[in-house]
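Data first, discussion second: the structure below is written as structure tokens.
Along the sequence shown, residues carry numbers from 1. A quick note: this is a predicted structure, and the numbers were derived from the prediction, not measured. Atom set for the values below is all heavy atoms of this structure, side chains included, hydrogens, waters and symmetry mates excluded.
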Amino acid sequence: MIDLLEYFDNHVEGTYYERFCTIIQRVDDEESVVFGLEPSILEYKLYDEVELEDKFRSICQPPDNYTSEDDSWFILISFYFFRHSIYIRQFPKLFERPKSLLDFAYTDIRQYAFDNGYTNGDMTTVRWSIRRQIIRELVFERSIQGVIPTDEVVHLINIIESNDTSWQMMNVDAKLAALNNVIEHELKRDGRFIDIPDIDNIHDFVKCREFRSNTQCMRHGSEEALRDRREFNDSEKQFLVDYGVSLVHLIKRNISEE
């Protein structure tokens with residue numbers, strides 16, 4: 001069981017999040033006002049990180065009449081994820097310096113919808129259904145020295161090599177981000193990139209570093225990265241997916257596990 005409030009109180013001192021100490025709602029005042037009861041102590045406990053992700057998605061849903069308790073959940077979950085090196089693929093910097101639930105769930109999600117073609121060119125309105133879709137598609141990842149965890153890499157390699165249904169259903173940008181991560185993980189040993197052996201006759205066709213450089217923008221959600229993504233047309237992105245899959249096959253054939 002994860003007690004978010006206890007974790008926050010024990011670790012917040014000296015961090016950016018210390019400014020939120022006074023806005024965390026610790027008691028339920030509504031019952032005391034309506035029913036004349038003693039205020040009850042609020043608990044912010046969930047079973048595991050999967051439930052934290054589900055709760056985070058839940059509190060971000062429109063409409064925008066968020067309560068103080070919703071804001072508290074947002075800050076407490078954000079702090080826990082920040083301290084445990086968990087980030088959102090689409091908003092990788094969010095947990096470093098969050099502002100408020102409304103700022104993220106309305107302003108940031110709305111801008112993300114405009115920037116990523118969810119509104120089909122309409123730059124004035126983002127329907128609730130679109131905001132719900134983006135929130136549903138949020139991908140939580142754990143950063144370990146810039147590389148995704150081994151278990152996730154193994155899973156990605158398996159679905160890439162088998163052309164699994166879950167791989168087929170991923171959008172092109174997500175595929176390119178996954179390929180970038182897998183290639184980095186497989187080729188980076190002790191902080192340095194190794195060469196793929198036994199490719200003398202095809203060496204000029206194997207451009208792993210160039211592939212990673214060109215697809216690095218798919219891993220980040222900054223304004224600069226989003227601009228770089230839009231430089232690629234759909235055909236170019238699909239070519240990069242096909243090429244990246246070929247690189248993964250080659251790496252798995254030629255490099256033994258260490």
If we ignore hydrogens and angles and just use 3.5 Å, is the side chain of [X] paired with the main-chain N or O of [Y] as donor and acceptor?
X      : Y      : result
Arg89  : Phe140 : no
Asp3   : Leu5   : yes
Asp70  : Thr67  : yes
Ser162 : Asn158 : yes
Gln238 : Asn233 : no
Thr15  : Val12  : yes
Arg57  : Leu138 : yes
Asp103 : Lys99  : no
Tyr112 : Phe91  : no
Gln133 : Ser129 : no

#### Entry: Counterpart residues, side-chain hydrogen bond (donor to acceptor under 3.5 Å, both in side chains), relative to Asn171 (two or more places apart)
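Asn171 satisfies side-chain hydrogen bond (donor to acceptor under 3.5 Å, both in side chains) with no residue once adjacent residues are dropped.
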Within a reach of under 6.0 Å around [atom1] of [X], are more than 12 heavy atoms found that belong to other residues, nucleotides or ligands?
X      : atom1 : answer
Arg230 : CZ    : yes
Gln168 : CD    : yes
Asp234 : CG    : no
Phe205 : CZ    : no
Tyr118 : OH    : yes

Electrostatic pair [X]:[Y] at N-O distance under 4.0 angstrom:
X      : Y      : result
Glu186 : Lys252 : yes
Arg212 : Glu184 : yes
Asp64  : Arg131 : yes
Arg229 : Asp115 : no

### Task
Please answer: with hydrophobic residues joined when any side-chain heavy atoms are less than 4.5 Å apart, are Trp128 and Ile134 in the same cluster?
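No; Ile134 is not reachable from Trp128 via cluster members.
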### Task
Decide whether Val50 and Trp73 are clustered together by the hydrophobic rule: side chain heavy atoms of Ile, Leu, Val, Met, Phe, Trp, Tyr closer than 4.5 Å, transitively.
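No, Val50 and Trp73 fall in different hydrophobic clusters.
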### Message
Within this structure, what is the CG-CD distance for the pair Asp28 and Glu43, rounded to the nearest 0.5 Å?
### Response
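Reported value, rounded in 0.5 Å steps: 12.5 Å.
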Are [X] and [Y] close enough that some pair of their side-chain heavy atoms sits under 4.5 Å apart?
X      : Y      : answer
Ser78  : Phe56  : yes
Asn180 : Gln216 : yes
Met218 : Phe232 : yes
Phe74  : Pro98  : yes
Ile255 : Pro197 : yes
Lys93  : Tyr87  : no
Leu46  : Lys55  : yes
Lys237 : Val172 : yes

### Task
Test Tyr7 against every option in Tyr80, Phe82, Phe81 by the ring pair (Phe, Tyr, Trp, His ring centres under 6.0 Å) rule and name the one that passes.
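Going through the options one by one, the only one that passes is Tyr80.
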